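Structure record follows, encoded as structure tokens.
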Amino acid sequence: MKLIVAVQEPVTDGLPDAEPSWRDLHAIELERPLIDAEMDLLDVQIGLLDRPASELDQRRLRRAANKVLDARRTVANRLGTGEAA
């Protein structure tokens with residue numbers, strides 16, 4: 001029987017600290033409005049999967065999509081100024 005082993009070293013083996021660094025946490029915190037807006041948009045989209053969209057639903061979808069675009073613009077502006085770096 002032939003033994004099969006990994007040729008490369010494991011990527012995650014021997015990590016000194018498995019938790020995110022303060023920089024990672026700070027970057028996540030700066031992107032939190034975008035994450036929340038995307039989750040709101042996803043909630044609206046999921047709600048519309050099994051039924052046709054009414055006029056009110058279309059407004060909710062547009063509002064959620066605009067909220068995502070606004071949050072993306074805000075995050076991009078922060079990245080451009082170096083605040084999130």
Side-chain angles (χ1 to χ4, degrees):
M1 180 179 276
K2 194 178 207 181
L3 183 64
I4 300 173
V5 295
V7 178
Q8 298 176 342
E9 291 292 321
V11 176
T12 58
D13 187 35
L15 287 177
D17 188 13
E19 295 185 15
S21 69
W22 65 271
R23 286 185 177 173
D24 295 334
L25 295 174
H26 182 66
I28 292 169
E29 190 62 33
L30 288 176
E31 292 181 7
R32 174 54 66 189
L34 176 58
I35 294 168
D36 291 339
E38 288 175 340
M39 288 178 60
D40 291 342
L41 177 61
L42 186 61
D43 286 342
V44 173
Q45 290 172 334
I46 289 171
L48 295 174
L49 284 176
D50 60 346
R51 61 187 166 94
S54 67
E55 185 177 333
L56 180 62
D57 291 331
Q58 290 174 354
R59 279 190 270 166
R60 286 180 58 224
L61 185 61
R62 250 190 331 268
R63 193 175 309 123
N66 288 337
K67 187 176 174 184
V68 168
L69 290 175
D70 185 43
R72 283 183 184 167
R73 184 185 70 237
T74 302
V75 169
N77 287 340
R78 285 182 183 167
L79 290 174
T81 61
E83 182 181 339

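Treat the numbers as computed from the prediction; the structure is a model and nothing was measured. All values below come from the heavy atoms of this structure, side chains included, with hydrogens, waters and symmetry mates left out.
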Heavy atoms of Val44 and Ala64 approach each other most closely as CG2-CB, 4.2 Å

Between Asp70 and Arg73, is there a side-chain N and carboxylate O pair less than 4.0 Å apart? yes

| message | Tell me whether Gln58 at atom CD has more than 12 heavy atoms from other residues, nucleotides or ligands lying less than 6.0 Å away. | response | yes

Compute whether any side-chain donor of one residue and acceptor of the other, for Thr74 and Asn77, lie under 3.5 angstrom apart. no

Closest heavy-atom pair, Leu25 versus Pro20, reported as atoms and distance to 0.1 Å, is CD2-CG, 3.8 Å

CD of Glu38 to CG of Leu41, rounded to nearest 0.5 Å, is 8.0 Å

Between Leu48 and Leu61, the two heavy atoms sitting closest are CD1-CD2, 4.2 Å

Test side chain to side chain contact (heavy atoms under 4.5 Å, CB included), reference Asp57, set Glu55, Arg60, Arg59, output is Arg60

dist Asp40:CG -> Arg63:CZ (nearest 0.5 Å) comes out at 11.5 Å

Under a 4.5 Å cut-off applied to non-hydrogen side-chain atoms, are Asn66 and Leu69 in contact? yes

